[in-house]
Asks: 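If you scroll down you'll find the structure; I have some questions about it.
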Amino acid sequence: MNVFATPHLRNVALVGHGHAGKTSLAAAMLYTMGATPRLGRVADGTTVTDFDEVAVAHQLSTHLSVARGIWRDHKINLLDTPGATAFILDSRPALRVAETALLVIDAHNGVEIGTEQVRQYAAEFNLPCFVFINKLDKEQTDVDACLAGLTEQCDLRPVLLQLPIGVEKHFRGVVDVLRQRALLYQPDGSGTFVEDNIPTSLVATAAKARELLIERVAETDDHLLEAFFANGTLTEAEVLAALPAAIAGHLITPVFIGSATLNIGIAPLLDALVAFAPSPAHVGGWLGMSPLDPDLVSPRHVTDDEPFAGYVFKTLDDQFNRISLCKIVSGVLRPDTPVVNGGRGSLEKIAALYAPQGKQLEKITEAHAGDIVALTKLKDTHTGDTLCDRGAPVRFAPVTIPEPAIAFAIEPESRADEDKLSSAIGKLIEQDVTLRYARDPQTKEFILSGCNQQHIELTVERLQKRYGVAVTLHAPKVAYLETFNGRVEVHARHKKQTGGRGQFGDCTCVFEALPRGAGFRFVDKIVGGVIPQQFRPAVEKGILEAAEQGALAGYPVVDFQVELVDGAYHSVDSDELSFKLAGRKAFRAAMERVKLVLLEPIMQVEVSIPAEAAGDVMSDLSTRRGRILGINAKGNKQAIEAHVPLGEMLSYATALNSLTSGRGSYGMRFAHYDEAPPHVVQRVVAEAQAAGRVRVLEEV
Ligand SMILES: Nc1nc2c(ncn2[C@@H]2O[C@H](COP(=O)(O)OP(=O)(O)OP(=O)(O)O)[C@@H](O)[C@H]2O)c(=O)[nH]1
Ligand SMILES: [Mg+2]
């Protein structure tokens with residue numbers, strides 16, 4: 001039980017905009033598979049995947065969570081992910097380890113900003129998508145608008161495999177388009193249905209949908225297209241046989257419909273995942289790096305025949321145990337498998353392995369390539385690490401997470417809280433890799449950075465609820481960055497003579513601005529040995545350390561290149577420290593001679609509002625220095641898309657509420673950094689000066 005071979009596994013990440021019904025759908029799927037005795041409900045806090053105390057209190061998922069059930073002799077691992085802007089980044093690791101993205105869409109709202117975002121992530125990890133259009137029981141649903149959104153905004157090729165029977169409160173089942181049968185459900189949430197003829201009113205629509213499905217399948221393959229032209233159609237068997245490859249090849253995105261809370265349309269979705277979704281073996285392999293030489297890459301194939309390697313994609317903490325969720329990329333894992341951490345080199349002991357069911361762990365004897373397991377009590381293994389057989393070490397690149405967009409100062413409420421703060425935050429960061437924590441040595445403030453205000457507020461709530469640490473939040477700080485324009489060559493020398501051995505480091509560097517988002521580049525252009533090889537990285541280190549604190553307002557300096565072109569050394573006095581200090585000096589000298597620039601984070605914002613509020617909302621956005629990108633009608637609402645500086649969006653929730661009498665909603669995500677206008681620069685510089693802030697953040 002619970003041990004399945006690779007072809008009998010399906011790893012499915014439920015992703016989508018906040019509130020679309022992912023957790024409810026996971027609950028309905030688990031109940032339908034018989035994995036829970038009752039249908040879990042978000043409103044009652046009884047779902048398997050929203051177990052966290054903060055998630056239950058706010059009725060939204062705050063981190064990814066894994067549960068599984070068995071369906072037609074296959075084990076389906078469901079990765080439920082958060083959709084709220086504050087937590088949506090946690091869908092990235094889920095998509096990294098899944099082979100299928102199940103996009104969940106609210107039939108009333110259609111494709112939303114979060115849908116587009118997770119769709120992009122799925123594309124980044126090259127995952128095929130299934131779509132579940134949820135909440136068909138709600139008022140004013142529009143399946144066609146959802147399909148148009150999937151095509152236009154998500155660049156998918158959606159094809160309906162089902163049609164709804166009845167609308168709004170009369171929604172009672174689905175048409176199986178291929179088989180041309182109606183599945184009529186009991187309205188009691190039991191998931192019980194009977195098969196019947198298609199209701200007369202839907203016969204023509206259903207026949208057309210079938211034709212379209214067949215046509216779209218035929219277009220995916222030359223042989224099928226020939227058969228289609230020869231016979232005017234394809235057989236049901238031909239379509240069924242062709243769908244897995246068409247889906248895996250991203251040529252078709254199958255669309256299912258239903259209602260998670262009414263438990264309608266779930267069994268056919270599970271059937272389709274077993275029949276059409278790729279097994280982990282289909283992916284082939286993951287690129288693994290040699291732990292000793294990152295340039296040496298070789299694939300690890302998803303098969304039991306290779307040595308064990310697994311990727312730890314999430315760490316959870318249930319107060320007693322640290323739980324590491326691990327995707328087995330290759331090999332078989334058993335409790336006695338001798339394991340090493342591929343990146344850190346530390347030996348780990350697998351005392352036991354478990355199949356995760358939300359927060360419950362069930363012991364299993366072994367797990368095969370492609371499966372997802374929970375491990376406890378790992379000593380030195382963190383999110384993003386690789387575990388592997390000691391005889392065949394390997395390391396997989398961790399999932400990238402963008403830098404936090406917002407920073408708050410947090411103040412412990414008492415001395416006792418201060419004592420517990422660091423260790424509690426350490427545990428939170430272990431579980432949520434999008435958080436950052438640092439101490440500003442100048443102001444002595446504890447700085448907690450994250451995706452947005454809600455992210456920080458709920459983190460603080462968890463700090464209190466789970467770890468008993470009370471803190472007060474202070475005004476949010478926007479994570480500005482600094483850069484400069486132009487190019488400058490500087491010479492810097494660090495020299496100290498204090499009797500005995502001195503210090504000597506000398507370098508000439510060319511500093512040059514790079515395009516936005518390019519980061520930092522160091523180019524070693526030393527010819528001959530004017531600076532010996534072993535000291536050159538020290539120059540880079542010194543520059544990077546100095547760049548942590550820009551000369552304008554103390555924010556980190558980014559997007560520039562340094563060419564190390566010349567230098568000098570002393571055979572006795574030169575050491576690493578001397579060259580590091582020379583590098584620092586060079587950086588400071590360069591900053592005195594270039595034009596400094598402040599960069600502010602710009603957010604991609606989507607505001608959804610009733611049409612009559614559009615004028616007010618748009619003029620408000622332009623006073624916030626927003627650039628409107630587009631306006632689209634979405635059902636009875638207008639969706640405004642805009643780029644707005646984060647610094648102008650800090651109190652937006654309140655403003656939008658009053659502009660729309662509470663009927664507007666918005667989502668935003670980081671888009672890019674842009675040059676801040678002079679009045680913002682003035683304000684930020686004045687604030688930095690007033691705070692006496694030298695913004696070197698020591699990691700604590
Ligand atoms: N009417 C109706 N409501 C639903 C349906 N599915 C979910 N809901 C409700 O929609 C709300 C959000 O559902 P969740 O399952 O928490 O949505 P989610 O996508 O997991 O949300 P996040 O985790 O915040 O991204 C809850 O109040 C659910 O009861 C449905 O099919 N019909
Ligand atoms: Mg959820």
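Order of listing sets the numbers, starting from 1, for every ligand and every atom in it.
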Asks: Taking 4.0 angstrom as the limit, do Lys169 and Asp137 come out as a salt bridge?
Replies: no
Asks: Determine yes or no for a side-chain-to-main-chain donor-acceptor pair under 3.5 angstrom, with Asp432 supplying the side chain and Thr434 the backbone.
Replies: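 Pair found, side chain donor or acceptor close to backbone of Thr434.
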Asks: Run the salt-bridge test on Glu53 and Lys465 with the 4.0 Å N-O cut-off and return the result as yes or no.
Replies: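 Lys465 and Glu53: not salt-bridged.
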Asks: List below, pair by pair, the N or O atoms of ligand 1 and of the protein that are less than 3.5 Å apart, including the distance to 0.1 Å; reply 'none' if no pair qualifies.
Replies:
from, atom 1, to, atom 2, distance (Å)
ligand 1, 1 (N), Asp137, OD2, 2.9
ligand 1, 6 (N), Asn134, ND2, 3.1
ligand 1, 10 (O), Lys135, NZ, 3.0
ligand 1, 15 (O), Thr23, N, 3.4
ligand 1, 15 (O), Ser24, N, 2.8
ligand 1, 15 (O), Ser24, OG, 2.6
ligand 1, 17 (O), Gly21, N, 3.0
ligand 1, 19 (O), Ala20, N, 3.2
ligand 1, 19 (O), Gly21, N, 2.8
ligand 1, 19 (O), Lys22, N, 2.8
ligand 1, 19 (O), Lys22, NZ, 2.7
ligand 1, 20 (O), Lys22, N, 3.4
ligand 1, 20 (O), Thr23, N, 2.8
ligand 1, 20 (O), Thr23, OG1, 2.8
ligand 1, 21 (O), His19, N, 2.9
ligand 1, 23 (O), Ser61, N, 3.0
ligand 1, 23 (O), Ser61, OG, 2.8
ligand 1, 25 (O), His19, N, 3.4
ligand 1, 25 (O), Lys22, NZ, 2.8
ligand 1, 25 (O), Gly83, N, 2.8
ligand 1, 31 (O), Asn134, OD1, 3.0
ligand 1, 31 (O), Lys135, N, 3.4
ligand 1, 31 (O), Ser259, OG, 3.0
ligand 1, 31 (O), Ala260, N, 3.0
ligand 1, 31 (O), Thr261, OG1, 3.4
ligand 1, 32 (N), Asp137, OD1, 2.8
ligand 1, 32 (N), Asp137, OD2, 3.3
ligand 1, 32 (N), Thr261, OG1, 3.0

Asks: So for atom CD, which belongs to Glu612, do other residues, nucleotides or ligands contribute more than 12 heavy atoms lying within a distance under 6.0 Å?
Replies: yes
Asks: Salt-bridged, Asp106 to Lys135, with N to O below 4.0 Å?
Replies: yes
Asks: At a cut-off of 2.8 Å, list the protein N/O/S atoms near the Mg ion (ligand 2), residue plus atom name.
Replies: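 You should have found Thr23 OG1, Ser61 OG.
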Asks: With side chains defined as the heavy atoms from C-beta onward, is the minimum distance between Gln464 and Val469 less than 4.5 Å?
Replies: no
Asks: Taking only residues at least two apart or on different chains, which pairs with a member in residues 89-100 satisfy salt bridge (charged side-chain N to carboxylate O under 4.0 Å, His left out)?
Replies: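 Qualifying pairs, neighbours excluded: Asp90-Lys314, Arg92-Glu124, Glu99-Lys327.
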Asks: So among Arg72, Met29, Arg10, which one has a side chain to side chain contact (heavy atoms under 4.5 Å, CB included) with Leu270?
Replies: Met29
Asks: Salt bridge (charged side-chain N to carboxylate O under 4.0 Å, His left out) with Asp155: which residues, sequence neighbours excluded?
Replies: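 For Asp155, no residue satisfies salt bridge (charged side-chain N to carboxylate O under 4.0 Å, His left out) once neighbours in sequence are set aside.
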